[in-house]
Amino acid sequence: MAIAKMLDRDVRLAVLNKVLKDHINDDSTLVIEEMGVDHGRNRVDIAVINGEIHGYELKSDSDNLLRLPKQAEAYSNIMDKVTLVVGSKHAYDAIGMVPEWWGVKIAEQGKRGGIKLYTERRNKKNSNVDPSELLKLIWKDEVNTLLSQRIDIDWRIKTLRKKAIYQLVVDSFTTDEIRDNVRAILKSRVNWRSV
(Lines give C-alpha, C1' and ligand atoms only; values in the text may rest on other atoms or scores of the structure.)
Protein backbone atom coordinates (compact mmCIF):
# COMPACT_ATOMS: atom_id res chain seq x y z
CA MET A 1 0.00 0.00 0.00
CA ALA A 2 1.44 3.35 -1.07
CA ILE A 3 1.74 6.18 1.44
CA ALA A 4 -0.26 9.29 0.56
CA LYS A 5 1.61 12.45 -0.44
CA MET A 6 2.51 14.84 2.40
CA LEU A 7 -0.14 17.56 2.78
CA ASP A 8 -0.28 20.90 4.61
CA ARG A 9 -2.37 19.39 7.42
CA ASP A 10 0.30 16.72 8.00
CA VAL A 11 3.00 19.36 8.37
CA ARG A 12 0.72 21.50 10.56
CA LEU A 13 0.04 18.61 12.94
CA ALA A 14 3.73 17.80 13.14
CA VAL A 15 4.59 21.41 14.02
CA LEU A 16 1.80 21.67 16.60
CA ASN A 17 2.63 18.32 18.22
CA LYS A 18 6.43 18.39 18.04
CA VAL A 19 7.57 22.02 17.97
CA LEU A 20 4.80 23.97 19.70
CA LYS A 21 3.48 21.46 22.24
CA ASP A 22 4.94 23.35 25.21
CA HIS A 23 3.64 26.71 23.94
CA ILE A 24 0.12 25.34 23.46
CA ASN A 25 0.03 24.27 27.11
CA ASP A 26 1.49 27.56 28.40
CA ASP A 27 -1.12 30.01 29.73
CA SER A 28 1.19 32.97 29.04
CA THR A 29 1.44 32.10 25.34
CA LEU A 30 -1.16 32.43 22.62
CA VAL A 31 -0.95 30.11 19.60
CA ILE A 32 -3.14 31.23 16.69
CA GLU A 33 -3.75 29.43 13.44
CA GLU A 34 -4.27 31.42 10.23
CA MET A 35 -3.58 34.84 11.76
CA GLY A 36 -4.30 37.62 9.27
CA VAL A 37 -1.56 40.17 8.64
CA ASP A 38 -1.56 43.38 6.61
CA HIS A 39 -5.33 43.78 7.10
CA GLY A 40 -5.93 40.17 6.03
CA ARG A 41 -4.02 40.30 2.73
CA ASN A 42 -1.84 37.44 4.02
CA ARG A 43 -2.27 34.81 6.70
CA VAL A 44 0.55 33.30 8.69
CA ASP A 45 -0.15 29.59 9.18
CA ILE A 46 0.66 29.58 12.90
CA ALA A 47 1.56 32.54 15.12
CA VAL A 48 3.00 32.17 18.60
CA ILE A 49 2.62 35.25 20.78
CA ASN A 50 4.40 35.52 24.11
CA GLY A 51 7.47 37.76 24.70
CA GLU A 52 7.69 37.97 20.91
CA ILE A 53 5.63 37.24 17.82
CA HIS A 54 6.95 34.15 16.06
CA GLY A 55 5.34 33.10 12.81
CA TYR A 56 5.45 29.64 11.25
CA GLU A 57 4.88 29.43 7.51
CA LEU A 58 4.15 25.90 6.27
CA LYS A 59 4.83 24.64 2.75
CA SER A 60 4.29 20.92 2.25
CA ASP A 61 5.41 18.97 -0.79
CA SER A 62 1.83 19.38 -2.11
CA ASP A 63 2.01 23.20 -1.97
CA ASN A 64 3.60 25.60 -4.42
CA LEU A 65 5.81 28.58 -3.62
CA LEU A 66 4.01 31.25 -5.67
CA ARG A 67 2.86 33.30 -2.67
CA LEU A 68 6.03 32.87 -0.60
CA PRO A 69 7.85 36.07 -1.74
CA LYS A 70 4.85 38.28 -0.81
CA GLN A 71 4.37 36.36 2.44
CA ALA A 72 8.05 36.79 3.29
CA GLU A 73 7.75 40.54 2.79
CA ALA A 74 4.58 40.85 4.90
CA TYR A 75 5.83 38.66 7.76
CA SER A 76 9.21 40.38 7.81
CA ASN A 77 7.47 43.70 8.50
CA ILE A 78 5.85 42.50 11.73
CA MET A 79 7.28 39.25 13.09
CA ASP A 80 10.08 39.15 15.65
CA LYS A 81 10.97 35.67 14.37
CA VAL A 82 9.76 33.47 11.52
CA THR A 83 10.30 29.79 10.83
CA LEU A 84 9.61 28.31 7.41
CA VAL A 85 8.65 24.65 7.62
CA VAL A 86 9.01 23.27 4.12
CA GLY A 87 8.77 19.88 2.48
CA SER A 88 12.05 18.54 1.12
CA LYS A 89 10.66 18.81 -2.44
CA HIS A 90 10.61 22.64 -2.21
CA ALA A 91 13.38 23.20 0.35
CA TYR A 92 16.15 24.43 -1.93
CA ASP A 93 13.96 26.93 -3.81
CA ALA A 94 12.13 28.12 -0.68
CA ILE A 95 15.29 28.84 1.29
CA GLY A 96 16.39 31.23 -1.45
CA MET A 97 13.11 33.15 -1.20
CA VAL A 98 13.20 34.04 2.49
CA PRO A 99 15.47 36.39 4.47
CA GLU A 100 18.61 35.05 6.14
CA TRP A 101 17.18 35.65 9.63
CA TRP A 102 14.27 33.25 9.04
CA GLY A 103 14.65 29.80 10.54
CA VAL A 104 14.08 26.82 8.26
CA LYS A 105 12.85 23.35 9.18
CA ILE A 106 12.68 20.61 6.56
CA ALA A 107 9.65 18.31 6.72
CA GLU A 108 10.16 14.78 5.42
CA GLN A 109 7.68 11.97 5.31
CA GLY A 110 8.90 8.74 6.87
CA LYS A 111 8.33 5.27 5.48
CA ARG A 112 5.24 4.81 7.65
CA GLY A 113 3.78 8.20 6.75
CA GLY A 114 4.86 10.17 9.82
CA ILE A 115 6.41 13.62 9.40
CA LYS A 116 9.94 14.24 10.65
CA LEU A 117 11.22 17.80 11.10
CA TYR A 118 14.89 18.72 10.74
CA THR A 119 16.38 22.10 11.55
CA GLU A 120 18.18 23.42 8.48
CA ARG A 121 18.71 26.96 9.79
CA ARG A 122 18.02 28.49 13.20
CA ASN A 123 15.97 31.67 13.30
CA LYS A 124 17.35 34.99 14.42
CA LYS A 125 15.60 38.08 15.74
CA ASN A 126 14.23 40.46 13.13
CA SER A 127 15.84 43.87 13.55
CA ASN A 128 13.61 45.62 11.00
CA VAL A 129 10.06 45.46 12.35
CA ASP A 130 7.94 48.25 10.87
CA PRO A 131 5.84 49.71 13.72
CA SER A 132 3.17 51.03 11.32
CA GLU A 133 2.75 47.55 9.82
CA LEU A 134 2.73 45.99 13.28
CA LEU A 135 -0.17 48.24 14.28
CA LYS A 136 -2.24 46.69 11.46
CA LEU A 137 -2.55 43.58 13.65
CA ILE A 138 -4.85 45.40 16.04
CA TRP A 139 -8.27 46.92 15.50
CA LYS A 140 -8.94 50.64 15.18
CA ASP A 141 -10.59 50.89 18.60
CA GLU A 142 -7.58 49.08 20.12
CA VAL A 143 -5.22 51.52 18.38
CA ASN A 144 -7.25 54.45 19.74
CA THR A 145 -7.14 52.99 23.25
CA LEU A 146 -3.37 52.60 22.95
CA LEU A 147 -2.99 56.16 21.65
CA SER A 148 -5.14 57.48 24.51
CA GLN A 149 -2.30 56.53 26.87
CA ARG A 150 -0.30 59.43 25.41
CA ILE A 151 -2.77 61.97 24.00
CA ASP A 152 -6.40 62.96 24.46
CA ILE A 153 -8.59 61.28 21.87
CA ASP A 154 -11.26 63.65 20.61
CA TRP A 155 -13.76 63.38 17.75
CA ARG A 156 -11.21 64.71 15.23
CA ILE A 157 -8.78 61.87 15.96
CA LYS A 158 -11.56 59.27 15.92
CA THR A 159 -12.49 60.34 12.38
CA LEU A 160 -8.95 60.06 11.02
CA ARG A 161 -8.06 57.28 8.61
CA LYS A 162 -6.21 54.32 10.11
CA LYS A 163 -2.93 55.31 8.45
CA ALA A 164 -3.00 58.74 10.14
CA ILE A 165 -3.82 57.20 13.51
CA TYR A 166 -0.98 54.69 13.08
CA GLN A 167 1.38 57.60 12.45
CA LEU A 168 0.25 59.31 15.65
CA VAL A 169 1.03 56.12 17.57
CA VAL A 170 4.44 55.78 15.88
CA ASP A 171 5.20 59.40 16.79
CA SER A 172 4.10 58.85 20.42
CA PHE A 173 5.68 55.47 21.25
CA THR A 174 9.02 53.76 20.69
CA THR A 175 9.08 50.69 18.46
CA ASP A 176 9.67 48.47 21.51
CA GLU A 177 6.69 50.03 23.28
CA ILE A 178 4.53 49.37 20.22
CA ARG A 179 5.77 45.77 20.06
CA ASP A 180 4.98 45.20 23.75
CA ASN A 181 1.55 46.81 23.52
CA VAL A 182 0.51 45.00 20.33
CA ARG A 183 1.49 41.63 21.86
CA ALA A 184 -0.43 42.43 25.04
CA ILE A 185 -3.52 43.50 23.07
CA LEU A 186 -3.45 40.38 20.89
CA LYS A 187 -3.05 38.12 23.93
CA SER A 188 -5.95 39.81 25.71
CA ARG A 189 -8.43 39.10 22.90
CA VAL A 190 -10.90 36.33 23.61
CA ASN A 191 -12.28 35.54 20.14
CA TRP A 192 -9.23 34.07 18.39
CA ARG A 193 -9.05 30.79 16.51
CA SER A 194 -6.44 29.68 18.99
CA VAL A 195 -5.11 26.14 19.35
Side-chain angles (χ1 to χ4, degrees), residues 3-20 23-24 29-50 52-109 113 115-139 162-163 166 178-179 182-183 186 189 191-195:
I3 294 176
K5 191 175 182 182
M6 176 177 33
L7 301 173
D8 177 73
R9 71 172 176 257
D10 302 318
V11 176
R12 183 180 301 268
L13 284 172
V15 170
L16 291 171
N17 293 330
K18 297 176 182 178
V19 178
L20 301 179
H23 288 305
I24 291 168
T29 300
L30 179 64
V31 178
I32 306 164
E33 293 191 68
E34 301 297 326
M35 184 177 86
V37 299
D38 192 19
H39 295 301
R41 289 182 187 92
N42 290 287
R43 291 190 175 278
V44 63
D45 287 312
I46 304 170
V48 177
I49 302 169
N50 46 28
E52 60 192 15
I53 301 176
H54 188 152
Y56 288 82
E57 182 56 31
L58 314 177
K59 298 292 183 191
S60 73
D61 284 345
S62 300
D63 287 322
N64 64 56
L65 303 178
L66 297 176
R67 294 181 308 140
L68 186 57
K70 286 281 188 202
Q71 291 169 319
E73 182 181 340
Y75 305 163
S76 294
N77 283 331
I78 60 165
M79 300 284 171
D80 296 304
K81 292 182 180 176
V82 179
T83 299
L84 172 66
V85 184
V86 61
S88 55
K89 174 182 171 185
H90 297 303
Y92 178 79
D93 292 331
I95 290 171
M97 295 180 177
V98 298
E100 293 280 324
W101 59 269
W102 278 37
V104 178
K105 290 188 180 293
I106 309 295
E108 292 183 352
Q109 192 167 22
I115 303 298
K116 297 177 183 177
L117 301 172
Y118 303 98
T119 300
E120 175 70 21
R121 183 169 76 196
R122 296 201 179 282
N123 56 51
K124 298 175 185 142
K125 187 149 181 160
N126 180 9
S127 59
N128 293 312
V129 169
D130 182 334
S132 295
E133 292 296 317
L134 188 59
L135 288 166
K136 291 180 181 179
L137 290 176
I138 59 178
W139 300 326
K162 288 180 188 175
K163 188 173 182 178
Y166 295 158
I178 292 170
R179 280 174 147 158
V182 167
R183 285 193 310 263
L186 294 175
R189 280 192 195 153
N191 55 348
W192 281 110
R193 290 180 304 269
S194 58
V195 175

Do you know the tightest heavy-atom contact between [X] and [Y]?
{"X": "Y75", "Y": "V44", "value": "OH-CA, 3.4 Å"}
{"X": "E34", "Y": "R12", "value": "OE2-NH2, 2.7 Å"}
{"X": "T29", "Y": "H23", "value": "CB-O, 3.7 Å"}
{"X": "G36", "Y": "L137", "value": "O-CD2, 3.6 Å"}
{"X": "P131", "Y": "I178", "value": "CB-CD1, 3.7 Å"}
{"X": "N126", "Y": "R179", "value": "O-NH2, 3.2 Å"}

Any carboxylate oxygen within less than 4.0 angstrom of a Lys/Arg side-chain nitrogen, looking at R67 and E57?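 Salt bridge absent between R67 and E57.
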When rounded to the nearest 0.5 angstrom, what is the spacing between [atom1] in [X] and [atom2] in [Y]?
{"X": "D61", "Y": "I115", "atom1": "CG", "atom2": "CD1", "answer": "8.0 Å"}
{"X": "M97", "Y": "I95", "atom1": "CE", "atom2": "CD1", "answer": "11.5 Å"}
{"X": "E108", "Y": "K89", "atom1": "CD", "atom2": "NZ", "answer": "14.5 Å"}
{"X": "T83", "Y": "E120", "atom1": "OG1", "atom2": "CD", "answer": "13.0 Å"}
{"X": "M79", "Y": "W102", "atom1": "CE", "atom2": "CH2", "answer": "8.5 Å"}
{"X": "K116", "Y": "S88", "atom1": "NZ", "atom2": "OG", "answer": "12.0 Å"}

Side chain to side chain, R189 and I138, heavy atoms closer than 4.5 Å: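 They are in side-chain contact.
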Donor-acceptor pair, side chain of [X] and main chain of [Y], under 3.5 angstrom:
{"X": "D130", "Y": "N77", "result": "no"}
{"X": "R183", "Y": "I49", "result": "no"}
{"X": "D80", "Y": "I53", "result": "yes"}
{"X": "H90", "Y": "K59", "result": "no"}

Taking atom NZ as the centre, does K18 end up with more than 12 heavy-atom neighbours from other residues, nucleotides or ligands that are less than 6.0 angstrom away?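 More than 12 heavy atoms, drawn from other residues, nucleotides or ligands, come within 6.0 Å of this atom.
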